[in-house]
Amino acid sequence: TGVDQPLQRSTSLSQNYPNPFTGSTSIPFTLAQTDHVRLTVTDLSGNLLETLVNQSMVPGDYRVQFQASDLPAGVYLYHLRTTRQMETKKLVILN
C-alpha cells in the first residue's frame, strides 16, 4: 500500500558475542515494551551463578557485559525472563 508501517519490535534474546570466549562476553537483547527484566546465568543443572539484570526496563536494544573469569571452562546457559516470556541460550567459556 506504500504506507510505512511502524517497526514492530519484539522482545528477544540474541547470541552472546564472542562465543566461545575467555574473560568476558556481551549479551544483547531487545525489549519490546516496558517490563520487568531478569537476565541470569546458570550452569547446565540450573544452578544460578549470576544475576546480570533484575529491574524494570523501557523498550530498546540492550547489551550486557558478563565477566566470567572466575568460572571454569564449560557450557553455561543464560536466560532472559520478562512477565510475558522466557528465552534461553548457551554460552561457552574457554580457559
> With the 4.5 Å side-chain cut-off for hydrophobic clustering, are L44 and I27 part of the same group?
no

> Test side-chain contact (heavy atoms from CB on, under 4.5 Å) on V37 and Y62; report intermediate values, then the result.
CA-CA 11 Å; V37 175; Y62 296 91; over 6 Å; no

> In terms of hydrophobic clusters joined by side-chain contacts under 4.5 Å, are L77 and V41 together?
no

> Over all heavy atoms of both residues, which pair between S24 and P18 is shortest? Give the atoms and the distance, please.
O-CD, 4.3 Å

> State whether the side chain of S14 and the backbone N or O of F29 hold a donor-acceptor pair below 3.5 Å, judged by distance alone.
no

> List in chain and number order the residues that pass side chain to side chain donor-acceptor pair (under 3.5 Å) with N54, two or more places apart in sequence or in another chain; answer none if no residue qualifies.
H36

> Using atom types as modelled and distance alone, determine if a side-chain donor or acceptor of Y78 lies under 3.5 Å from a backbone N or O of N16.
yes

> With sequence neighbours left out, write down each residue that passes salt bridge (charged side-chain N to carboxylate O under 4.0 Å, His left out) with D43, or none if nothing qualifies.
none

> When rounded to the nearest 0.5 angstrom, what is the spacing between CG in L52 and CZ in R38?
10.0 Å

> Got a sec, which residues hit side chain to side chain donor-acceptor pair (under 3.5 Å) with T40, two or more places apart in sequence or on another chain?
R81

> For T51, give me all partners under side chain to side chain donor-acceptor pair (under 3.5 Å), at least two apart in sequence or on another chain.
none

> Does the S45 side chain pair with the main chain of N47, one donor and one acceptor, at a distance under 3.5 Å?
no

> Considering residues at least two apart in sequence or located in another chain, which fulfil the side-chain contact (heavy atoms from CB on, under 4.5 Å) criterion with D70?
none

> Verify the cluster assignment for L13 and V58: are they in a single hydrophobic cluster under the rule of side-chain heavy atoms below 4.5 Å apart?
yes

> Going from OG1 on T11 to CG on L31, what distance comes out if it is rounded to the nearest 0.5 angstrom?
4.5 Å

> Counting C-beta onward and ignoring hydrogens, is there a side-chain heavy-atom pair between S56 and T34 closer than 4.5 Å?
yes

> Taking only residues two or more places apart in sequence, or in another chain, which ones meet T88 in a side chain to side chain donor-acceptor pair (under 3.5 Å)?
H79

> Could you check T22, L71, N19 and say which one makes a side-chain contact (heavy atoms from CB on, under 4.5 Å) with I93?
L71

> Do L94 and V75 sit in the same hydrophobic cluster, where Ile, Leu, Val, Met, Phe, Trp and Tyr count as joined when their side-chain heavy atoms come under 4.5 Å apart?
yes

> State the CZ-CG distance between R84 and D35, to the nearest 0.5 angstrom.
4.5 Å

